[in-house]
Each structure stands twice: as structure tokens, then as C-alpha cells.
Amino acid sequence: MVLAVVWGLSLLTLRSWADPAVVVPQDPTLVIGSSLTATCTVRPELALRAEDLFWTLNGRRLPWEVSKVLNGTTLAVTLTNLNGSKQQSGDNLVCHGRDGRILAGSCLYVGLPPEKPMNISCWSRNTKDLTCTWAPGSEGEAYLHTNYTMKYKLRWYGRDNTCLEYHTVGPYSCHIPKDLALFTPYEIWVEATNRLGSTISDTITLDILDVVTTDPPLDVRVTRVGDLEDQLIVRWSSPPALKDFLFQAMYQIRYRVEESAEWKVVDDIGNQTSCRLAGLKAGTVYFVQVRCNPFGIYGSRKAGIWSDWSNPTAASTPRSERLTGVCDPKSGGQNSTLRRELKQFFGWMKKHAFGCSNLSIKLYDQWRVWLQKSHKTRNQVGATR
């Protein structure tokens with residue numbers, strides 16, 4: 001698109017002649033690819049000639065070839081196929097005297113109309129408020145400052161409301177702190193406006209109860225399981241803010257060793273408020289975190305939104321009591337050791353299980369403790385020989 005904007009000298013009356021010169025047009029807004037002709041007219045009594053003037057754009061002197069003397073006091077400049085503004089505050093087109101003195105200037109705003117915002121996502125903390133974020137269009141904000149306005153209303157009979165607390169969790173976000181209805185869906189949309197126009201996002205519909213998140217679980221405690229060197233037990237309390245709501249909860253645990261940044265996640269915890277971590281390294285410090293997903297509030301069928309992770313809680317597994325320097329079984333010895341320990345286990349079961357058909361975790365733990373003590377005694381005897 002080529003758009004030539006030529007302003008006549010009659011517009012000089014719009015500016016005070018107290019200035020050394022006047023540049024017109026003042027602060028125009030143009031679409032990328034447009035052309036612009038601007039003029040700089042100096043006051044006649046200053047004895048400045050148009051031939052003595054020159055132009056700069058963002059501090060760079062423009063070649064004389066793009067300028068044209070219109071009369072003794074007016075110098076024009078023509079810019080073609082304009083690129084987007086280098087800064088959202090506008091590009092500086094400045095008229096100078098021969099000695100470089102600034103006589104007058106204008107800001108050029110060159111860009112594109114806004115594109116419609118996308119990917120609106122909302123969540124409510126403990127059903128008390130609502131926070132939404134969105135993504136801007138791909139290029140609509142690259143050159144011109146864009147204002148965003150989030151609006152919402154009850155789906156069937158509400159009036160339009162405007163969100164007032166912006167930038168709460170990022171540049172494209174807004175927070176509604178109170179006065180939200182439950183059990184009634186809301187319609188939410190975002191309007192984008194810049195110097196070249198406006199546009200509206202697609203409207204999303206949501207129920208507050210379907211987008212609830214909560215605070216991280218409280219009172220996370222990590223303790224040892226007796227003398228078992230490969231296990232820790234994690235306990236926590238459910239979020240108190242939802243204690244009066246009818247809901248289910250899912251929990252996740254993640255843990256890592258002290259020296260590593262890689263977390264391992266435990267998903268299949270369900271609604272329990274405790275979990276045993278097994279298969280850990282002996283004598284190792286672990287950091288543990290828990291988070292909650294409060295789904296099914298008052299029968300909502302949505303998946304729910306995960307809370308933030310709790311603060312890390314640290315605990316260490318017991319150190320291995322096996323002595324170093326003791327010979328390990330050679331080739332084939334691992335199988336014989338496994339058979340021997342299985343034989344020990346079934347023998348121990350006959351003495352302690354008293355005919356129980358099922359092996360409980362508690363009974364298994366008791367055997368593990370006995371086995372570790374057996375290893376300790378055997379290794380100590382071996383070390384004294």
C-alpha cells in the first residue's frame with residue numbers, strides 16, 4: 001500500500017510561530033509499506049533558507065536526494081515503503097539547521113492493526129477470585145503500543161464488566177478479585193486496540209467451579225521408615241481453604257537427590273495424604289515437594305488445575321550398615337545369595353507370620369529390618385577374621 005500524506009502550508013496556523021520551525025504532519029500513524037511526505041517550514045524572520053536545512057530519522061541523517069525545496073523557507077522530505085517503527089514510542093523525524101541545531105520534529109507511528117488475542121486461560125484460587133491470561137497476535141504489537149481490555153459477564157443475563165487489575169501475573173493478564181458467582185457460567189473476552197484500529201478475541205465460556213486451583217498442601221513432613229535404608233514416608237495436610245467444599249483431590253509428589261536438578265514424579269497417589277517412597281539410595285539426602293489438584297468441587301466434571309508445588313522438604317535415608325572391604329560373591333554368587341535370602345525369608349515367615357496368607361507391608365518391613373541386621377552381623381564377623 002502506498003499512502004502519500006502531503007500537508008499544505010495553511011496548517012501552519014495550528015502551531016505557534018514562537019518555534020523556530022514547524023514540521024507537518026505531526027505524529028502521523030501509518031500502515032507498514034506506506035509513503036509519507038513531510039515539510040519543515042522555518043520562520044521567515046530567522047533568515048534561514050530551505051537549502052540550509054536537513055532531515056534525520058532516529059538520529060541518522062537522511063540523504064539529500066529524498067528532500068525537495070518547495071520555497072525559500074520550506075523543505076520537504078519523502079519517505080517510501082516505510083518499515084515498522086523501531087520503538088513503540090514512535091520514530092523521530094527531525095528537521096535541523098545547517099549547524100545541526102534541532103528546529104522541529106515529529107513522531108512517526110508505523111505498524112499494523114492489532115491481531116485478535118488468543119489462548120485465553122483462566123483459573124480461580126479457592127473459588128474466591130479469577131485470573132486470566134492471553135497471548136497477543138503474532139505481529140499486531142510488534143511496532144505499535146497495544147492496549148488490552150478484558151471483559152466478562154454472566155452468560156445469560158449479565159451486563160458487561162471490565163477487569164481492572166492488569167499485569168498481575170505477566171504483561172497479558174488481568175485479575176478479578178471478588179464478587180464472582182458460582183454455579184453460573186461466565187463469558188470472557190479480550191479487546192485489543194492500537195492507533196490503527198481494534199479487534200476482539202473469541203469468547204470463552206467457563207464456570208468458576210471448573211477452573212479452581214488452591215494453595216499447595218501444608219505441613220509436608222518426610223520421615224524415615226524405621227531402619228529401612230531405601231525408603232522414606234511423606235505426609236501432608238490437605239489445603240485448608242477448601243475444607244468447607246465438597247470435592248475430591250489428587251496429589252502428586254516429586255523428589256530429587258540433593259546433588260541433582262532432575263525430579264522424579266509420583267502420579268498414582270489419588271486422594272491419600274501420605275505416600276511411601278521406595279527404591280531410594282541409602283545415606284542420601286532427598287528433597288520432596290507435593291501439589292494438589294482439587295477436582296470435582298460440587299460435582300464438577302472438569303479435570304481441575306494443579307496448585308503450585310509446596311516448599312521443598314528435606315530428609316535423608318539411613319546409611320547402609322554393610323561394611324566396605326568385604327569380598328562380594330564372584331560370578332554366580334548373586335543367584336546363590338538371592339536363593340539364600342529367599343530361604344531365610346520363608347523360614348522367617350514360618351516363625352513370625354503364624355499362618356497368614358497375605359504378606360502385608362508392615363510384615364515385609366519387619367523382615368527387611370531383620371535382614372539388614374543379619375547382614376550387619378555377618379559382615380562384622382567377616383571383618384574380624
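Residue numbers start at 1 and run along the sequence shown. The figures here come from the full heavy-atom set of this structure, side chains too, leaving out hydrogens, waters and symmetry mates.
- Nearest heavy-atom pair, Q272 versus W236, reported as atom, atom and distance to 0.1 Å: O-CZ2, 3.1 Å.
- Clustering ILVMFWY residues whenever any of their side-chain heavy atoms sit less than 4.5 angstrom apart, transitively, puts I188 in the very cluster that holds Y166.
- A distance of 13.5 Å separates CH2 of W123 from OG of S307, quoted to the nearest 0.5 Å.
- I204 is not listed as a side-chain neighbour of W134, based on a closest heavy-atom distance of 4.5 Å or more.
- Between the side chains of N293 and R291, no donor-acceptor pair of N or O atoms lies under 3.5 Å.
- Residues V288 and V257 fall within the same hydrophobic cluster, defined by Ile, Leu, Val, Met, Phe, Trp and Tyr side chains chained together at heavy-atom separations under 4.5 Å.
- Listed here is the closest heavy atom pair of L164 and C174: N-SG, 3.9 Å.
- No donor-acceptor pair closer than 3.5 Å links the side chain of S310 to the backbone N or O of P217.
- For R235 and D219, the salt-bridge test fails: no basic side-chain N is under 4.0 Å from an acidic carboxylate O.
- For H175 and D129, the side-chain atoms include at least one donor-acceptor pair closer than 3.5 Å.
- Listed for the E115 side chain is no donor-acceptor partner under 3.5 Å among the backbone atoms of T199.
- Using a 4.5 Å cut-off on side-chain heavy atoms (C-beta onward), Y152 and I176 make contact.
- Distance check, rounded to the nearest 0.5 Å: OG1 of T146 to CD of E191 gives 13.5 Å.
- Between the side chains of N147 and T193, no donor-acceptor pair is found at a separation under 3.5 Å.
- Side chain to side chain, D267 and Q252 meet the donor-acceptor criterion of an N or O pair below 3.5 Å.
- Side-chain contact check for K153 versus R159: every heavy-atom pair is 4.5 Å or farther apart.
- No chain of hydrophobic side-chain contacts below 4.5 Å, direct or via other Ile, Leu, Val, Met, Phe, Trp or Tyr residues, connects I305 to V265.
- In Y157, the OH atom is not crowded: 12 or fewer heavy atoms of neighbouring residues, nucleotides or ligands sit closer than 6.0 Å.
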- Task: Start with the C-alpha distance between L103 and V42, add both sets of side-chain angles, then the distance that settles side chain to side chain contact (heavy atoms under 4.5 Å, CB included), and finish with yes or no.
- Result: CA-CA 8 Å; L103 301 177; V42 296; 3.9 Å; yes
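- Remark: R61 qualifies as a cation-pi partner of F54 under the 6.0 Å distance and 45° angle criteria applied to the six-membered ring.
- For the 3.5 Å distance criterion, the side chains of R224 and S316 qualify, holding a donor opposite an acceptor.
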- Stepwise side chain to side chain contact (heavy atoms under 4.5 Å, CB included) check, V31 with V110: CA-CA 6 Å; V31 177; V110 185; over 6 Å; no
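- Taking a 6.0 Å sphere around CD of E259, one finds it holds more than 12 heavy atoms contributed by other residues, nucleotides or ligands.
- Residues V290 and V234 are in side-chain contact: their nearest non-hydrogen atoms beyond the backbone lie under 4.5 Å apart.
- Residues L277 and V266 are in side-chain contact: their nearest non-hydrogen atoms beyond the backbone lie under 4.5 Å apart.
- Between D160 and W189, the shortest heavy-atom distance links the atoms OD1-CH2, 3.6 Å.
- Contact record, K281 with Y286: N-OH, 2.8 Å, taken as the closest heavy-atom pair.
- Taking hydrophobic clusters as Ile, Leu, Val, Met, Phe, Trp and Tyr residues chained together by side-chain heavy-atom distances below 4.5 Å, L48 shares a cluster with V77.
- Put simply, the side chain of T213 gets close to the backbone of W306: a donor and an acceptor are under 3.5 Å apart.
- At least one donor-acceptor pair under 3.5 Å links the side chain of R125 to the backbone N or O of T214.
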- Please lay out, stage by stage, how R101 and D99 fare under the test side chain to side chain contact (heavy atoms under 4.5 Å, CB included). CA-CA 6 Å; R101 178 166 60 109; D99 58 359; 3.2 Å; yes
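- Between the side chains of T56 and H96, at least one donor-acceptor pair of N or O atoms lies under 3.5 Å.
- Between E229 and T317 the shortest side-chain heavy-atom distance does not fall below 4.5 Å.
- Counting only distance, with no hydrogens or angles, the side chain of D19 and the backbone of A21 share no donor-acceptor pair below 3.5 Å.
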- Message: Does C122 form a disulfide (SG to SG under 2.5 Å) with C132? I'd like the steps, not just the answer.
- Response: CA-CA 4 Å; C122 304; C132 296; 2.0 Å; yes
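- For the 3.5 Å distance criterion, the side chains of T133 and S121 fail to qualify, holding no donor opposite an acceptor.
- For the atom pair NZ of K86 and CG of D91, the computed distance is 7.5 Å after rounding to the nearest 0.5 Å.
- Remark: side-chain polar atoms of S173 are paired, donor with acceptor, to backbone N or O of G170 under 3.5 angstrom.
- Note that CG of L130 is 8.5 Å distant from OH of Y186, once rounded to the nearest 0.5 Å.
- Atom CZ of R155 is separated from atom OG1 of T203 by 10.5 Å, given to the nearest 0.5 angstrom.
- Contact between G84 and Y143 at its shortest, heavy atoms only, is CA-CD2, 3.4 Å.
- Side-chain contact check for S238 versus Y251: some heavy-atom pair is nearer than 4.5 Å.
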- Going through the distances and angles, do L280 and L232 end up as a side chain to side chain contact (heavy atoms under 4.5 Å, CB included)? CA-CA 8 Å; L280 308 178; L232 292 171; 3.8 Å; yes
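- Distance OG1/T162 to NZ/K151: 4.5 Å, rounded to 0.5 Å.
- Among all heavy-atom pairs drawn from C107 and N92, the shortest one is SG-OD1, 3.7 Å.
- Of the possible donor and acceptor atoms, none in the side chain of T41 sits under 3.5 Å from a partner among the backbone N and O of V22.
- Both L57 and L82 are members of a single hydrophobic cluster when ILVMFWY side chains are connected at heavy-atom separations under 4.5 Å.
- Put simply, the side chain of Y148 reaches to within 4.5 Å of the side chain of P117, judged on heavy atoms.
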